[in-house]
**Student:** 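Mind having a look at this structure? Questions to follow.
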Amino acid sequence: MTRPILFRGATILPGGGDWAPRAGQDLLLEHGRIAEPGTPAPEGAEVLEASHLLLLPAFANAHTHSPEALARGRAPMARLDAWLAAAYADGQDAMDAARIRRAVLLCAAEAIRGGAVRVTDHFRQIPPTVASVAAAAAAWAESGMRARVAMMLRDLPSPGAGFTPPGTAQALEVAGAVLRAGIAGAEIGLGPSAPQRCSDALLEGVAALARTEHAFVHLHLCETAKDAADIRARFGEDPVAALDRRGLSGPAVEYAHCVHLGDAELERMAASGTLMVHNPLANLRLGSGIAPVGRALARGVRLAIGSDGADSNDTQDMLEAAKLALLLPRAGRPDAEWPDPAEVLGMATGGAALAPGAAADVIAFDLRAPAFAEAGPEEIAPRLLLAARPRDLLHVIGAGAWLLRERELVSPALREAAP
Ligand SMILES: [Zn+2]
């Protein structure tokens, strides 16, 4: 059992759309949840004087690929397709359990140091196997992060890629097996790589399996202009309509990137409740473009932020990804489409709030850091995104358990993986 934790006299950013700071607040974390305000500290609780702490909901990294933690910095001048061929050229597609664990722990160490406690790992191995997904899930559980692992699937070849994808039947067989295997340590979903890398039969088969097994589906969509043109040419209609028609939309479906989507496509996503995962740093790194985040927000699309894999970012730092989400639209989108700090914080925290009953996923920044010097209340949220760095993050707590304490990773495995 984790010991209850009481922060006394902290400054709190509640989240869930409310990013106005409240000073002098107590926050009790008990049984992995946020307690009702005013609940007395139970016997044995750890009580921390917190007048120098800024508490807010932890970040959720909504899109990464853990194998890339072992392949950073590759093809630094390439766009997506040429970069992909380099990124997985050193055996990252066929890792043994020890190497999978190493990659996941490296991702987790950096993610926690950047304030994330939840992660979605769009996990690529070719061919996909139940054992590799189980190894990734076990490593995420060991890290202390709460993970969702979407097994990457494809059955069409990619230009320049040094592999032969499995056949459709084989891909669907392993997709069914991974959902029925009872894998522990993470929520398991299906991750068709992208429409241009999957046949119709695979896309439709994934949709049917996900419905029967109540699994989430996570895929790349229209990351580059070429992806968007290829998908439109193949389906003869807009990519979101094409996925809708194949059952790949709705609240349990997530599209990563969405850089090259128009207003009609965004409206369709809003209507179906499909999540858009914005990966600003990877889009910049690979020259893919600036996603229409402001237009998506204005139309009511659900939005989250991902770091993307550690080879197209090249970090797992959500604070950095959030800052880019705030600033990148200013390089090429009209002023009216710039998301504001509150919107970006909402996306980076996955809509979480420090509300009674919510999971006790809490991060604590040091208000004595230069980033917050003489900050007025209205400046706290903007300073968090614009000025604060991971070194200003003192504590990270996931489901009530310490993951980072006084800037030190708590898990010996993480400290060993990423000293
Ligand atoms: Zn990706």
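Counting starts at 1 for both ligands and their atoms, in listed order.
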**Student:** Would you mind telling me which of V362, L48, L28 makes a side chain to side chain contact (heavy atoms under 4.5 Å, CB included) with I5?
**Tutor:** L48

**Student:** Indicate if the distance from the Zn ion (ligand 1) to the nearest N, O or S atom of H257 falls below 2.8 Å.
**Tutor:** no

**Student:** Rounded to 10°, how many degrees is the angle NE2/H220-the Zn ion (ligand 1)-NE2/H63?
**Tutor:** 90°

**Student:** Parallel, tilted or perpendicular for H122 and H220, by the 30°/60° rule?
**Tutor:** tilted

**Student:** To the nearest 0.5 angstrom, please state how far the CD atom of Q316 sits from the OG atom of S66.
**Tutor:** 8.5 Å

**Student:** Between the side chains of R285 and S312, is a donor N or O closer than 3.5 angstrom to an acceptor N or O?
**Tutor:** no

**Student:** Which atom name does D308 have for its N/O/S atom nearest to the Zn ion (ligand 1)?
**Tutor:** OD1

